[in-house]
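In what follows, a single structure is set out as structure tokens and then discussed.
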Amino acid sequence: MPATTPTREFVLGLPKSELHLHLEGTLEPELKLALATRNGVDIGQSTVEEVRKTYVFDSLASFLGVYYPAMNVLVEEQDFYDLASAYFLRAATDGVRRVEAFFDPQAHTSRGVPIENVILGCSRAATDAADFGISADLILCFLRDFTAESALATLQEALPYKDLFIGVGLDSDERDNPPAKFAEVFALARSEGLMLTMHCDIDQVGSIENIRQVLEEIKVDRIDHGTNIVENPELVELVRERGIGLTCCPVSNSFVTSDMKATEIVELLGRGVKVTVNSDDPAYFGGYIADNYLALIEKSGLGIDDVVTLAKNSFEASWLADDEKALHLAEIDHYVESYSDAAASATAAESV
Ligand code: HPA
Ligand code: ZN
């Protein structure tokens with residue numbers, strides 16, 4: 001396969017998995033306005049343009065300051081269903097076959113929304129995503145700027161619905177909220193058979209120490225972002241050996257820091273780390289998953305081989321069973337072969 005630059009069409013059709021996606025981060029202004037009307041919530045804006053104008057941030061903290069208040073429009077189970085369904089439908093147009101999606105129960109229960117509205121609405125949408133050719137599962141995230149006791153209480157409240165999510169994660173403001181703060185709740189989740197992942201956001205104070213904690217103390221199965229690991233060769237070797245995936249989000253990176261960290265992502269890919277490309281909060285950062293692949297390709301000049309490796313990594317780093325992973329990997333091989341055959345026939349036709 002020549003190291004040619006992948007086209008937009010190639011990237012859109014490439015089967016891929018989305019492993020770093022906050023369902024609440026898919027709240028497009030149109031749906032936000034519709035839900036505000038449906039639930040009688042005053043959000044202070046009445047047009048899509050006005051809502052978009054509020055989506056201004058230049059750091060993780062300023063992003064979260066816009067993100068959480070927007071969730072006030074999510075109240076009923078149907079609201080969560082509509083939010084998640086709209087995302088799955090949109091993701092299917094980007095060639096997504098598998099989603100392991102985050103949701104933040106505490107962002108809703110802290111406003112008086114029952115946890116079952118959140119879990120049942122998201123989970124029904126995840127089941128119905130099969131209609132769009134997507135297999136989807138959920139990851140319950142704890143808010144790290146809430147207390148460890150609140151995380152534990154949330155897990156206990158969610159355990160009766162344990163069959164409806166496959167793992168737990170950790171998000172929100174990382175500053176002064178290291179992974180070790182949540183060691184007990186993650187140990188309980190593990191003992192309940194759940195998979196573990198945690199955000200290690202970009203360029204945080206103590207990024208490397210936090211990455212060390214998630215690997216050595218929490219023993220996560222995956223790391224969300226985690227790109228700063230490139231600064232520490234021993235930790236890079238550890239994730240490479242253990243086959244631990246890093247869920248990178250280039251477009252999101254360029255909003256919360258000064259660049260998309262393309263150099264770091266490509267370097268980790270070259271070192272054999274299971275780097276993946278994802279969209280994080282696409283309604284806020286203006287890029288769904290294919291846009292993230294394309295932004296990285298444009299910035300770093302990645303060729304088709306590397307892009308195919310990224311897509312394969314997204315299934316290998318997923319929490320699917322091995323036989324399901326193998327089916328997706330075979331589908332990628334088939335796609336690449338038929339794409340090269342079509343390109344070869346087009347070239348042959350041009351030369352006659
Ligand atoms: N980091 C931390 N919290 C978040 C993120 C993120 O990337 N997206 C939504 N909540
Ligand atoms: Zn995230």
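Below, each value reflects all heavy atoms present in this structure, side chains not excepted, and no hydrogens, waters or symmetry copies. Counting starts at 1 for both ligands and their atoms, in listed order.
In summary, the atoms of ligand 1 found under 4.0 Å from a heavy atom of Leu60, numbered by their order in the structure, are 1 (N), 2 (C). Annotation for ligand 1: atoms under 4.0 Å from non-hydrogen atoms of His199 are 1 (N), 2 (C), 5 (C), 6 (C), 7 (O).
Looking only at side-chain heavy atoms (C-beta outward), Arg38 and Asp79 come within less than 4.5 Å of each other. In this structure, Phe102 and Thr197 have side chains that are in contact, with non-hydrogen atoms separated by less than 4.5 Å.
Of all the heavy atoms in Leu296 and Pro250, the pair that sits closest is CB-CG, 4.3 Å.
Between the Zn ion (ligand 2) and His225 there is no N/O/S contact shorter than 2.8 Å.
A ring-centre distance under 6.0 Å is not found for Phe132 and Phe88.
Under a 4.0 Å N-O distance rule, the pair Glu237/Arg271 does not qualify as a salt bridge.
Looking at His22, His20, Glu24, Glu174 and measuring to atom 10 (N) of ligand 1, the nearest heavy atom belongs to His22.
For atom 8 (N) of ligand 1, the closest heavy atom belonging to the protein is Asp281 OD2, 2.8 Å. With hydrogens left out, the protein atom closest to atom 3 (N) of ligand 1 is Ser172 N, 2.9 Å, a heavy atom.
A cation-pi geometry, defined here as NZ or CZ lying under 6.0 Å from the six-membered ring centre and within 45° of its normal, does not hold between Arg98 and Trp319.
Donor-acceptor pairing under 3.5 Å is lacking for the side chains of Glu100 and His20. Between Asp203 and Asn228, the side chains place a donor N or O and an acceptor N or O closer than 3.5 Å (distance only, hydrogens not considered).
Take the Zn ion (ligand 2) as the corner point: the lines to NE2 of His22 and to NE2 of His20 open at 110°, to the nearest 10 degrees. Around the Zn ion (ligand 2), the two atoms OD1 of Asp280 and NE2 of His199 are separated by an angle of 170°, to 10 degrees.
Contacts between Asp173 and ligand 1, counted as non-hydrogen atom pairs separated by less than 4.0 Å, are absent for every part of the residue. With a 4.0 Å heavy-atom cut-off, ligand 1 is reached by the side chain of Asp201 but not by its N, CA, C or O.
Between Tyr67 and ligand 1, not a single N/O pair is under 3.5 Å apart.
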